[in-house]
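Chain A is the first sequence line, chain B the second, and so forth, proteins listed ahead of strands; every chain is numbered from 1. Since we're looking at a predicted model, the values are computed, not measured.
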Amino acid sequence: MLFDKNGLYMIDDSQSYDFAIDFINGMPQAGNNDNYNFKKPVKNLKLYDLEDALKYGNAFPNLYKPYKNYKPSSLKANNSRERALLEIQMLEFSLTDLNLYLDLNPKDSNAYQVFKDYAKECKKKKEEYTRNFGPLTLSDITDDYEWSKGVWPWEEGVN
Amino acid sequence: MFKYVKALPYPLDIKKKNLKMAKNIIEQFGGANGELAASLRYFSQKFNMPDDMGRALLNDIATEEMGHAEMVSTMVSMLMKDATLDEIKRAGLDGYFTGHGKGIFPVDANGVPFTAAYFASVGDVLADLSEDMAAEQKARAVYENLIELADDEDIIAPLLFLRQREIVHFNRFKELYEYYENKYNK
């Protein structure tokens, strides 16, 4: 892994991305036709893509330490609500992990650009989730009061 | 301020109850090296951090750990769902059942209840960050012990995730420790 003399990740200047339409676990992405690519390689910074980051529990390949021969499992989603939620969980996870890095490296504008891109997509996915399945936070507004209803994360099933 | 997001950090898919594993996994809710101890440790220490880096990192990891506490409790709850009294007794959970039924209460794998004595906030930046590094290593080791005890992929997957988070947190605390050690030339 590549660090400059200040201990920051080395910037990779190549700008090309593959915007291929992609699937999660063989299932089409829920709800929208935008097909945001959760397997898009992050070129400007050495990061796992959104799906792998959540799967491994780590957005930063240089910090990833497997345990013995255990391989992380593929991410589970058993219905359209769970699939939509999984997309948000992937984005939230990379935002969380990137944020910890940014807490210590606030001047890394490449990392923050990735953060901004993820945050924008996460907001969009949350609005869509709210429309289809109900609020994730109190400030997600629906026509009728729905906050207390629906599946709470600790209830039966994948969450 | 704390707000709530109606989602777990990682998608759980627990299909089979397992009371023995529930009894072990609750260690990471109410135990000495668990998520509740971690969250309260960093929450308490954040007030004494000397600059933005320390304030932000402690605050943000404390927040993340609270979500992990919820995830661990959820695993325990799911693993105990629909347990019969007989299954509870056979798993050695009758003591827990006496005090808590099939509810959730912060204890360790042996039913010892949570205490603030599990963590420190000494008001000294290097001491506090050293404590944090040790805490993350211990939590990692406990998750490895739990992974060894488990044989269900639905249980191992989230444990691997939580273990990896401890490794990342350790690294961030280490970076901050070295930065402060340098800056304040202790």
Supply the atom-to-atom distance [X] [atom1] to [Y] [atom2], rounded to the nearest 0.5 angstrom.
| X | Y | atom1 | atom2 | value |
| --- | --- | --- | --- | --- |
| Leu100(A) | Thr63(B) | CG | OG1 | 9.5 Å |
| Glu64(B) | Asn99(A) | CD | CG | 9.5 Å |
| Phe161(B) | Ser73(A) | CZ | OG | 13.0 Å |
| Glu70(B) | Trp154(A) | CD | CH2 | 6.5 Å |
| Asp13(B) | Ser74(A) | CG | OG | 9.5 Å |
| Ile61(B) | Asp103(A) | CD1 | CG | 8.0 Å |

So which atom in [X] and which in [Y] form the shortest heavy-atom distance, rounded to 0.1 Å?
| X | Y | answer |
| --- | --- | --- |
| Leu63(A) | Gln164(B) | O-OE1, 3.5 Å |
| Thr74(B) | Pro153(A) | CG2-O, 3.9 Å |
| Pro11(B) | Leu54(A) | CD-CD2, 4.1 Å |

Quiz item: Which residue out of Arg163(B), Lys3(B), His169(B) racks up the most heavy-atom pairs below 4.5 Å with chain A?
Solution: Arg163(B)
Practice problem: Using the salt bridge (Lys or Arg N to Asp or Glu O under 4.0 Å) rule, take Asp97(A) and Arg165(B) through it: C-alpha gap first, then chi angles, then the decisive distance, then the call. | Solution: CA-CA 9 Å; Asp97(A) 213 20; Arg165(B) 296 313 299 145; 2.8 Å; yes
Quiz item: Which of residues 42-60 of chain B have a heavy atom under 4.5 Å from any heavy atom of chain A?
Solution: Met53(B), Ala56(B), Leu57(B), Asp60(B)
Count I, L, V, M, F, W, Y as connected when their side-chain heavy atoms are under 4.5 Å apart, and connections chain through other members. Are [X] and [Y] then in the same cluster?
| X | Y | result |
| --- | --- | --- |
| Val112(B) | Leu93(B) | yes |
| Leu138(A) | Trp152(A) | yes |
| Leu126(B) | Tyr184(B) | yes |
| Leu104(A) | Ile167(B) | no |
| Phe105(B) | Leu36(B) | yes |

Quiz item: Taking the hydrophobic residues Ile, Leu, Val, Met, Phe, Trp and Tyr, and joining any pair whose side-chain heavy atoms are under 4.5 Å apart, which ones share a cluster with Tyr48(A)?
Solution: Tyr56(A), Tyr64(A)
Quiz item: Is it true that a side-chain atom of Lys6(B) and a backbone atom of Trp147(A) form a donor plus acceptor pair closer than 3.5 Å?
Solution: yes
Quiz item: Between the main-chain N or O of Leu8(B) and the side-chain N or O of Gln89(A), is there a donor-acceptor pair closer than 3.5 Å?
Solution: yes
Quiz item: Where on Thr137(A) is there a heavy atom nearer than 4.5 Å to chain B: the side chain, the backbone, both, or neither?
Solution: both
Exercise. Could you give me the CA-CA distance, side-chain angles and deciding distance for Glu155(A) and Ser77(B), then say whether side-chain contact (heavy atoms from CB on, under 4.5 Å) is met?
Key: CA-CA 9 Å; Glu155(A) 294 188 78; Ser77(B) 178; over 6 Å; no
Practice problem: Not counting sequence neighbours, list each pair that qualifies as a side-chain hydrogen bond (donor to acceptor under 3.5 Å, both in side chains) and has a residue in residues 24-33 of chain B. | Solution: none
Practice problem: In sequence, state the C-alpha distance, the side-chain angles, and the governing distance for Tyr70(A) and Ile147(B), and then conclude on side-chain contact (heavy atoms from CB on, under 4.5 Å). | Solution: CA-CA 9 Å; Tyr70(A) 289 89; Ile147(B) 289 165; 3.5 Å; yes
Quiz item: Do the charged groups of Asp154(B) and Lys76(A) touch, with an N to O distance under 4.0 Å?
Solution: no
Quiz item: Do the charged groups of Lys71(A) and Glu153(B) touch, with an N to O distance under 4.0 Å?
Solution: no
Quiz item: When you look at NZ of Lys17(B), are more than 12 heavy atoms from neighbouring residues, nucleotides or ligands closer to it than 6.0 Å?
Solution: yes
Exercise. Ignoring hydrogens and angles, state whether a donor on the side chain of Glu148(B) or Tyr67(A) is under 3.5 Å from an acceptor on the partner side chain.
Key: yes
Quiz item: What pairs meet the ring pair (Phe, Tyr, Trp, His ring centres under 6.0 Å) rule with one or both residues in residues 11-37 of chain B, with sequence neighbours excluded?
Solution: none
